[in-house]
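Below is one structure, written out as structure tokens; comments come after it.
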Amino acid sequence: KAGVTQTPRYLIKTRGQQVTLSCSPISGHRSVSWYQQTPGQGLQFLFEYFSETQRNKGNFPGRFSGRQFSNSRSEMNVSTLELGDSALYLCASSLTGFQPQHFGDGTRLSIL
Amino acid sequence: TQLLEQSPQFLSIQEGENLTVYCNSSSVFSSLQWYRQEPGEGPVLLVTVVTGGEVKKLKRLTFQFGDARKDSSLHITAAQPGDTGLYLCAIDNYGQNFVFGPGTRLSVLP
């Protein structure tokens, strides 16, 4: 069974640009959650999508957004990038969102 | 939002030693998961504990859920270099999302 796939694995951007990250969940999983991981703040919840609807949202500014498609694949977008957005962005999927998460290996975003 | 604390923050030990890491919550939780994250990879689920006082074993790893459902511990017997990684605990935040602790970074030296 294929795991959670995140693309790209690495990304380098400059301040002010925008970026889109992609996540393909495990087949059959309908819940996709996004997390930001930094050395100082740890793993922080961004948002969760279920059946193409944002169901829960963490405490991040509106520059961070996402969406989910009918096949459960999800994208997150960060606009007007700031240096502090440099982080590992992790996607996790589960059947309905109330089970332990299955994580992808993340996208490491570096802002210059 | 429930808060999680983990201790110690860092731990460096020699191969063959035993160790225990802890996870504590500011309030009662219904279930708790332990994950291990290796460099360059995402966290991988090790175990879920649900019942107060529950003990689960996974080879050399022993997980315990506190009777009051506010804390948990992970004990590793005869640690090996392959146990090196970031150990994270996580709880269900009232059905809204999962809250993760800051993690314990374990280094097992050969």
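Here is the naming used below: chain letters follow the sequence lines, and residue numbers restart at 1 for every chain.
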Self-check item: Heavy-atom proximity to chain A below 4.5 Å, by part of B/Gln33
Solution: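 Just the side chain, heavy atoms under 4.5 Å.
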
### Structural part of B/Pro43 lying under 4.5 Å from a heavy atom of chain A
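It is both, since atoms from each part get that close.
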
Under 4.5 Å, counting heavy-atom pairs only, tell me which of A/Ala92, A/Gly42, A/Pro100 racks up the most with chain B.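 With the most close heavy-atom pairs to chain B, the winner is A/Pro100.
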
Check whether [X] gets within reach of chain B through its side chain, its backbone, both or neither, counting any heavy atom under 4.5 Å.
{"X": "A/Gln37", "value": "side chain"}
{"X": "A/Leu43", "value": "both"}
{"X": "A/Phe47", "value": "neither"}
{"X": "A/Arg55", "value": "neither"}

**Prompt:** Does B/Gln80 CD have over 12 foreign heavy atoms under 6.0 Å away?
**Reply:**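 Above 12, so yes.
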
| Neighbour count above 12 (heavy atom, 6.0 Å) for A/Arg108 CZ |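 Atom CZ in A/Arg108 is not packed in, count stays at 12 or less.
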
So which of B/Gly103, B/Ala90, B/Gly42 has the largest heavy-atom pair count under 4.5 angstrom toward chain A?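 Counting heavy-atom pairs under 4.5 Å, the top option is B/Gly42.
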
Value for CG (A/Leu90) from CD (B/Glu41), rounded to nearest 0.5 Å, stands at 11.5 Å

Taken to the nearest 0.5 Å, the spacing of B/Tyr35 OH from A/Phe103 CZ works out to 5.5 Å

Test of understanding: clusters of I, L, V, M, F, W, Y form through side-chain heavy atoms closer than 4.5 Å, transitively. Do [X] and [Y] belong to the same one?
{"X": "B/Leu86", "Y": "B/Phe98", "answer": "yes"}
{"X": "B/Leu88", "Y": "B/Leu61", "answer": "no"}
{"X": "B/Leu11", "Y": "B/Leu46", "answer": "yes"}
{"X": "B/Val47", "Y": "B/Leu19", "answer": "yes"}
{"X": "B/Leu45", "Y": "B/Phe29", "answer": "no"}

